[in-house]
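The structure appears right after this line, and notes come after that.
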Amino acid sequence: HAKSNGRSNFQFYTQNLDVEAKRRTTIEEELRHAIERDELYLYYQPQISLVDNQMSSIEALLRWKNPRLAMLAPDEFIALADETGLIVPIGSWVLEQACRQLRYWQQANHPELRIAVNVSSRQLEEPDFVNTVDRILRQCGVGPRYVEFEITERLLMKDNLKNNAVLRALKERGIQVSVDDFGTGFSSLSYLKHFPVDALKIDKLFIKCLPNDEHDAAIASAIIGMAHSLNLKVVAEGVETVEQRDFLRDLGCNYGQGYFFSEPVPPEKII
Ligand code: C2E
Ligand code: MG
Ligand code: MG
Ligand code: MG
């Protein structure tokens with residue numbers, strides 16, 4: 001009995017793997033054509049200064065709507081785009097769209113507004129990444145100091161030396177770099193000493209239970225203190241309540257982002 005049971009479990013397992021593999025292949029195949037079929041678009045979420053409540057910058061967040069697939073979460077299809085390398089053309093598309101949109105807002109009446117764009121390590125590893133960035137910014141008429149790249153802590157750790165050279169090239173141009181999902185990368189802090197980054201984004205995991213959870217309060221406070229001693233700005237992501245906002249502001253956190261201020265929205269809702 002035990003044996004046949006084990007066997008049917010095994011069949012069930014391989015069948016699931018089959019379904020999973022098929023689904024991945026379908027998604028990959030669809031994603032390959034997503035740009036030309038006009039299925040990608042960006043949502044935007046403001047980052048708010050906790051000092052003066054001004055909208056200082058806006059993060060562009062990728063969305064994908066495909067008629068043959070259910071709406072996919074960015075975490076899911078971006079991981080696949082990363083593995084397959086499709087994130088390279090998609091990432092260029094995102095940067096160009098976001099910069100065009102920023103230019104529009106700047107000309108409308110927010111000349112100092114900045115745009116934050118998520119960048120994958122696959123893009124940093126491309127030999128002509130910096131040239132591509134230069135070209136897109138030039139074509140869109142956006143100054144480098146209005147652009148922030150968000151790179152997750154996990155990815156930053158991957159290839160120290162090469163990433164570091166690219167980050168320096170970006171910094172020379174005045175582009176800002178933020179460490180995204182800070183605190184979740186299982187990393188040593190030593191990279192902060194060598195990497196030319198400008199800001200840390202505290203992962204929403206640590207914000208969620210503020211202000212009541214003592215441990216999270218201690219972690220948030222420690223990250224903010226450390227960041228400031230290193231001359232880095234701090235952004236808290238996932239701010240959902242006024243209590244969280246007030247608590248973070250009192251700790252000296254520079255910026256907040258989250259549903260309390262606004263969900264990610266289509267561009268026409270930003271102004
Ligand atoms: P992220 O860069 O850390 O972006 C923040 C995520 O938190 C977004 O999820 C946003 O919708 C969500 N969020 C914002 N405020 C709140 C809040 O108050 N509460 C909660 N619970 N969540 C909040 P989203 O849009 O699903 O994106 C997920 C991740 O996908 C991003 O995390 C980023 O790592 C990646 N991503 C999105 N767009 C791009 C892109 O264009 N390129 C690359 N490489 N990655 C991207
Ligand atoms: Mg981000
Ligand atoms: Mg994040
Ligand atoms: Mg994230």
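Remember, it's 1-based here, ligands and their atoms both numbered in the order they're listed. What you are looking at is a predicted structure, and each value in this text was computed from that prediction instead of being measured.
Not one N, O or S atom of Glu237 sits under 2.8 Å from the Mg ion (ligand 2). Taking backbone and side chain together, Asp181 holds an N, O or S atom under 2.8 Å from the Mg ion (ligand 3). Using a cut-off of 2.8 Å, one finds that Thr152 contributes no N/O/S atom close to the Mg ion (ligand 2). At a threshold of 2.8 Å, the Mg ion (ligand 3) has no backbone or side-chain N, O or S atom of Glu150 nearer than that distance.
Summarising the contacts of atom 38 (N) of ligand 1 with Leu62, Leu42, Ile207, the nearest heavy atom is found in Leu62. Summarising the contacts of atom 11 (O) of ligand 1 with Ala116, Ala81, Gly258, Pro264, the nearest heavy atom is found in Pro264. Proximity annotation for atom 44 (N) of ligand 1: of Asn118, Thr241, Leu61, Leu95, Asn118 comes nearest, heavy atoms only. Residue Ile78 holds the heavy atom nearest to atom 46 (C) of ligand 1 of all those in Leu205, Val119, Ile78.
The one candidate from Leu251, Leu248, Asp216 that meets the side-chain contact (heavy atoms from CB on, under 4.5 Å) condition with Ser221 is Leu251.
Under the rule for a salt bridge (Lys or Arg N to Asp or Glu O under 4.0 Å), the partners of Glu39 that lie at least two apart in sequence or sit in another chain are Arg68.
Listed by number with element, the atoms of ligand 1 under 4.0 Å from a non-hydrogen atom of Lys204 are 6 (C), 7 (O), 20 (C), 21 (N), 22 (N).
Looking only at N/O/S atoms, Asp180 comes nearest to the Mg ion (ligand 3) through OD1.
For ligand 1, none of its N or O atoms has an N or O atom of Gln123 under 3.5 Å away.
Distance check: Glu243 CD to Asp246 CG gives 7.0 Å after rounding to the nearest 0.5 Å.
Listed by first then second residue, pairs satisfying ring pair (Phe, Tyr, Trp, His ring centres under 6.0 Å) with a partner in residues 34-58 read Tyr41-Tyr43, Tyr44-Trp105, not counting sequence neighbours.
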